[in-house]
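Both ligands and their constituent atoms are indexed starting at 1 by order of listing.
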Amino acid sequence: MAKALNLKIKKQTNPSKVRKPQFAKAHLAKTQDLYVKTEELKVFGIEKVKEQIYSNPRFQASLIIKRVLEDKNSLTINVNEIVTPKDIGFTSELAYGVIRYLPQLNFIANKLLAKSFKKENYFAQFILLIGIYQILYMREAHHAAVYENVELCKKLYGKGVATVINACLRKLLRELDELVALSKEVSLLPKWLQNQFNERIPQAQFTQMLEAMNANPPLWLRVNQSKITVESFLQLLAQEQIDYLQHPHIKQAILLPKALNVTEIPGFKQGYFSVQDLHAQLASLILTKDNTLKTPLIVDTCCSPGGKTTHLLDLIPQAKMIATDIDKTRLKRVYENLERLEQQALVVAADARTPEKWLPQTFERLTKDKSHSNELVDLFLLDIPCSGSGVIRRHPDIKWLRTPADIERLSQIQLEILEKSWKYLKTGGKLLYTSCSILGQENEQVVEKFLQKVNNAKVIPLDTFIQEHIETQSILKVSQGVQLINTLNGGDGFYYCLLTKTA
Ligand SMILES: C[S@@+](CC[C@H](N)C(=O)[O-])C[C@H]1O[C@@H](n2cnc3c(N)ncnc32)[C@H](O)[C@@H]1O
């Protein structure tokens, strides 16, 4: 990846320190020629850009959009990698917005463009999409949205391409109402996903879910009750004049209607709260709901960044916790969270498909017990890798990066993880199979295949628990377990199936 260079001309204010004119000139000449190589844009006719352009939020957003759509890279990773903290709000709004509304914006772009851009000018297409997004969805003055995007194109491609962008955006302003009305019919989902949701979700719920999927996601906090009472935390919010809504049935779940940076919320450093979606908060509540053991052995595979690990430890602080994830880099977040919350877990980089390679040894490290049988675990949390179709509102790139083949591949991995983990669960122990997917293929269909293969598993019904905690419009009836879908100020799409070992 090309890196932004960080040279700046410093103003000399102290006359005694003013450099000699020749030196100043030479220095100036050098900095004016400061370029960033953009090898990845060569195919779009851009080999290098001035540092000033590279740090332009519209350029950065276009680069991110290109990386998602052309290179099939993650939106979130690229936003974090490219964008400077001071521009993060604006640039990520542009990039997320375009990726979220892509089919609608493309539809309008096609109406505006007399002919498509040639490959060597194609980067201008991303800039056009940004301009359309700004005019449709951002409050910024329309003329500024036109001017800034046209200027960027001029700097990258010269007058010709800039004139095309200018003509398109001005036409959009003239025909705004008509084009918006026409584009409203365009589905914002890929066809295969739209079909799968259509088949699975009743129309009224589907409409609600789509509305939520295309809106900015809500910010939910979970109060860490081993650190502070919910009441005291709410007082802190009130003192800071931060608006909040407490969930009526899950008292530690707090919704902040206005998104804030976590560090601006009181008590972050002290570990008073964690950011965790409402439905994600159910996982640990479900797994521990009838627990009577003081020091159960809990295994949380696929644990990064540790949202559910830390919740489990908040609920059962004496638990012996093994937290694992295949991704070492992501595990850093688990360490950070455990440290911030002053909690203890044995964190291991491990593949959940092969527990035989690490679970017995890890158990020995934790308990110094060498005399165990294979059945070790009291409570098993399997937050399996999935398509993420339930968190599209947080990661809209999922719509364009996942394919039906991915779902098939993932469902095999999910079944493998479930089967392998099962062997290490104690008789009478519980295992929660959970995903942030709304697709049956990754959820109840995996459980059903599993139930056909083993004769010592029983599904524990969750209907009453869920109905007592979650509003009806978020609940979808499925053959095994519980499927939750995302709603505007509710939680994300999650699936839960609680199993117990009978023999
Ligand atoms: C949905 S996220 C987990 C979220 C986490 N449980 C939480 O609540 O914060 C799924 C995780 O599965 C991990 N993963 C993917 N394949 C895995 C495998 N074969 N074994 C272990 N972890 C895996 C990913 O690295 C990712 O961190």
Side-chain angles (χ1 to χ4, degrees), residues 74 76-77 220-222 224 253 262 273-288 298-315 321-341 343 345-359 362 377 379-395 398 401-402 406-407 409-422 424 431-439 442-443 446 484 486 491-497:
S74 147
T76 317
I77 292 178
W220 281 100
L221 308 182
R222 168 174 53 77
N224 288 312
V262 279
F273 69 89
S274 299
V275 172
Q276 193 178 33
D277 173 70
L278 173 69
H279 292 165
Q281 296 189 28
L282 290 173
S284 307
L285 295 178
I286 292 172
L287 185 59
T288 58
I298 308 181
V299 177
D300 177 5
T301 53
C302 314
C303 71
S304 299
K308 300 183 184 77
T309 317
T310 53
H311 191 188
L312 286 165
L313 285 168
D314 195 41
L315 294 167
M321 171 68 78
I322 297 175
T324 73
D325 199 282
I326 200 166
D327 187 333
K328 278 189 188 151
T329 320
R330 280 172 64 83
L331 276 178
K332 281 190 198 142
R333 294 274 311 280
V334 182
Y335 287 116
E336 283 165 14
N337 281 323
L338 287 169
E339 198 179 319
R340 186 173 65 87
L341 304 180
Q343 293 176 332
L346 187 50
V347 180
V348 186
D351 188 338
R353 289 168 296 183
T354 52
E356 67 281 4
K357 291 194 181 154
W358 54 267
L359 186 48
T362 311
V377 184
L379 300 172
F380 223 131
L381 180 61
L382 296 190
D383 193 5
I384 40 101
C386 70
S387 63
S389 58
V391 289
I392 283 177
R393 62 180 173 179
R394 296 184 195 278
H395 304 284
I398 285 173
L401 299 182
R402 300 278 182 275
D406 290 332
I407 310 302
R409 182 182 53 79
L410 281 163
S411 68
Q412 285 166 16
I413 295 175
Q414 291 153 356
L415 181 59
E416 189 181 354
I417 293 179
L418 177 52
E419 278 179 24
K420 289 282 192 78
S421 306
W422 191 250
Y424 295 92
L431 181 150
L432 182 65
Y433 178 91
T434 175
S435 82
C436 54
S437 171
I438 308 175
L439 300 172
E442 299 182 271
N443 295 341
V446 174
L484 299 178
N486 51 220
D492 290 336
F494 265 90
Y495 173 78
Y496 292 109
C497 187

Minimum side-chain heavy-atom gap L431-L418 below 4.5 Å: yes
Derivation and outcome, side-chain contact (heavy atoms from CB on, under 4.5 Å), residues E356 and T354: CA-CA 5 Å; E356 67 281 4; T354 52; 3.7 Å; yes
Atom indices of ligand 1 within 4.0 angstrom of R353 heavy atoms, with elements: 19 (N)
For D327, atoms of ligand 1 separated by under 4.0 Å from a heavy atom: 25 (O)
Salt-bridge contact D300-K308 (side-chain N to carboxylate O under 4.0 Å): no
R330 contact mode with ligand 1 (heavy-atom cut-off under 4.0 Å): side chain
Nearest non-hydrogen protein atom, atom 10 (C) of ligand 1: D383 O, 3.8 Å
Sub-4.0 Å atoms of ligand 1 with respect to non-hydrogen atoms of C303: 5 (C), 6 (N), 7 (C), 9 (O)
Protein heavy-atom partner closest to atom 9 (O) of ligand 1 - residue, atom, separation in Å: G307 N, 2.9 Å
For atom 19 (N) of ligand 1, the protein heavy atom that lies nearest, with its residue and separation: D351 OD1, 2.9 Å
Nearest-contact summary for atom 13 (C) of ligand 1 - protein heavy atom, Å: D325 OD2, 3.3 Å
Flag, side chain of N443 to backbone of S437, donor-acceptor distance under 3.5 Å: yes
Nitrogen or oxygen atoms of I384 and ligand 1 under 3.5 Å apart: no
Closest to atom 3 (C) of ligand 1 among C436, A280, S304 (heavy-atom distance): S304
Check: Q281 side chain, L221 main-chain N or O, donor-acceptor pair, under 3.5 Å: yes
Atom indices of ligand 1 within 4.0 angstrom of A352 heavy atoms, with elements: 18 (C), 19 (N), 20 (N), 21 (C)
Heteroatom distance test (Q276, ligand 1): nitrogen or oxygen, under 3.5 angstrom: no
Region of A350 that comes within reach of ligand 1 [heavy atoms, distance under 4.0 Å]: backbone
Protein heavy atom at shortest distance from atom 22 (N) of ligand 1: I326 N, 3.2 Å
Distance filter under 4.0 Å to P385 heavy atoms, resulting ligand 1 atoms: 15 (C), 16 (N)
Heavy-atom nearest neighbour in the protein, as seen from atom 12 (O) of ligand 1, with distance rounded to 0.1 Å: C302 CB, 3.3 Å
Pair S435, Q414: side-chain N/O donor-acceptor within cut-off below 3.5 Å: no
S274 and H311: side chain donor to acceptor below 3.5 Å: no
T310-R340 side chain donor-acceptor pair, cut-off 3.5 Å: no
Under 3.5 Å: donor-acceptor pair, side chain of R402, backbone of S387: yes
Value rounded to 0.5 Å, distance of CG in L341 from CG in N224: 5.0 Å
